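Encoded as structure tokens, the structure appears first; notes follow it.
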Amino acid sequence: MLQVQFIRQNPDLVKKRLAIKQFKEIGLVDQVVNLDDQRKKLQVENDNILAQINSNSKEIGQLMAKGEKDKAEMLKKLVASLKSSLQPIGEQLAATEKILQEALVKIPNLPSGKVPPGRSPADNELVRESGSKPVLPSGALPHWDLAAKYNLINFDLGNKITGSGFPVYVNKGAKYQRALIQYFLDFNTAAGYTEYLPPFMVNESSAFGTGQLPDKEGQMYFVNEDHLYLIPTAEVPVTNIYRDEILKEKDLPVKMTAYTPCFRREAGSYGKDVRGLNRVHQFDKVELVQLVHPDKSYEALDGMVEHVGKLLGSLNLPFRILKLCGGDMGFTSALTYDFEVYSGGQDKWLEVSSVSNFETYQTNRMKIRFRDSNGKNQLLHSLNGSSLALPRILACLLENYQTENSIQIPAVLHAYFGITEIR
RNA sequence: GGAGGAGUGCCAGAGUGGUUGAAUGGGACGGUCUCGAAAACCGUUAUACGGGCAACUGUAUCGAGGGUUCGAAUCCCUCCUCCUCCGCCA
């Protein structure tokens, strides 16, 4: 969430930037400022009464020690009346803080100055295109047909065991997943990221920290009995590793990578973009997370984009990088680059990675800070990106590497997979 | 799941109702000393939200949240986590 102090100091800038994000409830900005004014006033009153109660209580202790019971009794009465006058103020203060917090979490992150205006995906800015579309044999198949032809993925079986959107990977299809995960993790650790294998369920605090809660409950699977959420991305548990921590400047940047399955209810998505592996409820992903000095986060973002680009390049997949426009960005992001890979069998671009800088939006919720050279605690910037989301990568690898009667395996994966083609 | 024990500052650890934000030791940092270092000695060493131009100052926080009390790290309740034993189990 945004820092109240920043909103107070720059209300007009905040409103202007929120408009770029197509945010409708601009009124919340003034509301937050007003509520914070109220909060301050109430806190002063509240603290003053508490101070009186505290000092009188101390005196009672001293009087009792001296045996001056009568005076002590009088003071007790005084404190009792102070307490009754405190009660309504305390309640008002708590209520105001609650409303303030509720308003604050409804305000999305501000888009950085680099974000192009625009309302929809059509307004996203093409940054770079790399590689060339494959020349496929006539009668080239989409991945769901290839998956059936070579017995790699069984969608019907998933329907039977669980439901739609839970594919079962079979035989070489299963091993392909494993090879990709291993390759991605090795690629990331070689670049200095520390590997983690976090829990696949998180508590409410963690889900709040990265911005999934409140409001996006509907997109997560929830285990009612234990009050836990299945993670929609490794970003959630991994970023929360440093929740409530104050880091040393010399330990920056923190670079982490993790493989996890991801669980998404994808409520409200229908249509043909859900075919095959294009949109599923459970999928594998390797994620990158960085916590960096606020002065260096855009440099770090460029570095992550570069890193993911290299990874895709190593697989010889044609891809393009889009800078998301204000209207298409996520709630918590300040700047996002999407990677899309060309899917030869479907003749369309599939999003396989999203790399974002969240600046202090998440770290303010999680209180992830560092001690700067002046000894002051400052919020870090958090960033994350996929490297990569498996299903769509697999879809593109199957489609783009198909021949008449085989699927070739990219050279960098031969060692991981143990074979050079699927027949 | 059952029974018992425990959760205090960066760490260890004291503290069972009254100047305790918290003894003591260690660590870290700064200083003195030294050519430099070690040792020794001195000092500093939580966070958040407020008030004040500032010096400074108020409040809250001893796993979390409630409660009792004039006053809670200390008493009570709920929850969480850890340890020991039993049960179950990959």
Side-chain angles (χ1 to χ4, degrees), chain A residues 1-9 32-105 197-209 213 222-229 237 240-252 254 360 362-380:
Chain A
M1 59 195 174
L2 298 178
Q3 293 168 270
V4 178
Q5 206 177 23
F6 182 85
I7 297 177
R8 294 186 71 98
Q9 286 163 358
V32 162
V33 174
N34 291 336
L35 284 165
D36 195 47
D37 284 339
Q38 274 181 52
R39 195 207 97 237
K40 285 188 183 187
K41 236 173 79 187
L42 287 164
Q43 192 181 330
V44 171
E45 279 184 67
N46 188 68
D47 286 359
N48 283 342
I49 298 175
L50 276 173
Q52 289 180 56
I53 291 175
N54 286 342
S55 66
N56 281 312
S57 295
K58 257 176 206 170
E59 208 177 325
I60 291 172
Q62 286 161 355
L63 290 172
M64 298 290 259
K66 279 190 266 176
E68 300 186 43
K69 278 203 165 169
D70 295 348
K71 281 189 184 171
E73 285 305 319
M74 275 172 61
L75 274 186
K76 276 193 192 182
K77 276 184 194 148
L78 174 66
V79 174
S81 78
L82 281 171
K83 268 193 101 172
S84 60
S85 69
L86 176 70
Q87 200 202 359
I89 294 166
E91 279 168 9
Q92 249 182 296
L93 178 61
T96 307
E97 277 172 347
K98 185 162 172 265
I99 301 167
L100 172 61
Q101 176 75 1
E102 281 165 2
L104 202 53
V105 297
L197 206 169
F200 301 159
M201 292 191 219
V202 293
N203 58 29
E204 196 177 329
S205 300
S206 294
F208 173 78
L213 294 179
F222 181 58
V223 181
N224 196 44
E225 193 75 33
D226 299 293
H227 234 85
L228 297 172
Y229 296 87
N240 273 281
I241 287 170
Y242 283 93
R243 169 152 52 87
D244 293 321
E245 298 285 340
I246 299 171
L247 289 119
K248 293 184 179 132
E249 194 165 356
K250 69 174 169 65
D251 294 331
L252 302 176
V254 173
T360 59
Q362 294 182 324
T363 55
N364 188 34
R365 287 186 173 203
M366 284 181 274
K367 301 289 173 253
I368 303 180
R369 292 158 294 176
F370 76 104
R371 201 176 301 281
D372 68 20
S373 43
N374 298 320
K376 277 206 64 155
N377 293 330
Q378 273 193 59
L379 293 172
L380 286 163

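The analysis underlying the following values was restricted to heavy atoms, covering all of them including side chains, and did not include hydrogens, waters or symmetry mates. Please read these numbers as outputs of a predicted model, since none were measured by experiment. A, B, ... follow the sequence lines: proteins, then strands. Residue 1 opens every chain.
- Between the P atoms of B:rU81 and B:rA72, the separation comes to 28 Å (whole Å).
- Residue A:Gln5 places its CD atom among 12 or fewer non-hydrogen atoms of other residues, nucleotides or ligands, all under 6.0 Å distant.
- In this structure, A:Leu213 and A:Val105 have side chains that are not in contact, with every pair of non-hydrogen atoms separated by 4.5 Å or more.
- Within 4.0 Å (heavy atoms only), A:Leu82 reaches no atom of the nucleic acid at all.
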Evaluate the criterion side-chain contact (heavy atoms from CB on, under 4.5 Å) for residue pair A:Leu379 and A:Gln3; output intermediate values, then yes/no. CA-CA 10 Å; A:Leu379 293 172; A:Gln3 293 168 270; 3.5 Å; yes
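- The side chain to side chain contact (heavy atoms under 4.5 Å, CB included) check on A:Val33 picks up A:Ile7, A:Asp37, with sequence neighbours excluded.
- Taking the P atom of each, B:rU16 and B:rG7 are spaced 13 Å apart, rounded to whole Å.
- Contact annotation for A:Glu59: no contact, since no heavy-atom pair falls under 4.0 Å across all strands.
- From A:Leu380, atom CG reaches atom CD of A:Glu245 across 11.0 Å, with rounding to the nearest 0.5 Å.
- When the side chain to side chain contact (heavy atoms under 4.5 Å, CB included) test is applied to A:Glu68, the partners found at least two apart in sequence or on another chain are A:Leu63, A:Lys66, A:Lys71.
- Within the 4.5 Å cutoff, the side chain of A:Glu59 has heavy atoms near those of the A:Asn56 side chain.
- Taking atom C1' on both B:rA37 and B:rU32, the two are 15 Å apart, rounded to the nearest angstrom.
- Distance check on atom P: B:rC82 versus B:rC76 gives 24 Å, rounded to whole Å.
- Taking atom CG of residue A:Asn46 and atom P of nucleotide B:rG58, one finds them 16 Å apart after rounding to whole Å.
- For the contact set between residues 91-103 of chain A and RNA chain B, defined by any heavy atom under 4.0 Å, there are no members.
- B:rG87 sits 8 Å from B:rG2 when the C1' atoms are compared, rounded to a whole Å.
- Stem analysis of RNA chain B (Watson-Crick or G-U pairs, both distances under 3.5 Å, runs of at least three) returns B:1-7 with B:80-86, B:10-12 with B:24-26, B:27-32 with B:40-45, B:46-51 with B:56-61, B:63-67 with B:75-79.
- Separating the C1' atom of B:rG58 from that of B:rG63 is a span of 27 Å, rounded to the nearest Å.
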Polar atom pairs between nucleotides 67-76 of chain B and protein, under 3.5 Å, N or O only, would you list them?
unit_1	atom_1	unit_2	atom_2	d
B:rC70	O2'	A:Ser57	OG	2.8
B:rG71	OP1	A:Lys83	NZ	2.7
B:rG71	O4'	A:Ser57	OG	3.4

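- Legend: residues meeting ring pair (Phe, Tyr, Trp, His ring centres under 6.0 Å) with A:Phe222, ordered by chain and number and at least two apart, are A:His227, A:Tyr229.
- Enclosure of atom CG in A:Asp251 by more than 12 non-hydrogen atoms of other residues, nucleotides or ligands within 6.0 angstrom is indicated.
- Taking only side-chain nitrogens and oxygens, A:Arg369 never comes nearer than 4.0 Å to OP1 or OP2 of B:rA46.
- Mapped onto RNA chain B by nearest heavy atom, A:Gln62 and A:Ser55 fall at different nucleotides, with A:Gln62 at the one closer to the 5' end.
- Here the OG1-NZ distance, from A:Thr96 to A:Lys98, works out to 11.5 Å after rounding to the nearest 0.5 Å.
- Residue contacts for A:Asn377: at a heavy-atom cut-off of 4.0 Å it reaches the sugar-phosphate backbone alone, with no base atom in range.
- Atom CG of A:Asn34 and atom CZ of A:Arg39 lie 13.5 Å apart (nearest 0.5 Å).
- Spacing of P atoms, B:rU59 relative to B:rG71, comes out at 15 Å, to the nearest Å.
- Atom C1' of B:rG18 sits at a distance of 15 Å from the matching atom of B:rC75, rounded to the whole Å.
- Note: A:Arg369 CZ to A:Arg371 CZ = 9.0 Å, rounded to the nearest 0.5 Å.
- Rounded to whole Å, the distance from NZ on A:Lys40 to P on B:rU59 is 19 Å.
- Atom CZ in A:Arg8 sits roughly 13 Å away from atom P in B:rC49 (whole-Å rounding).
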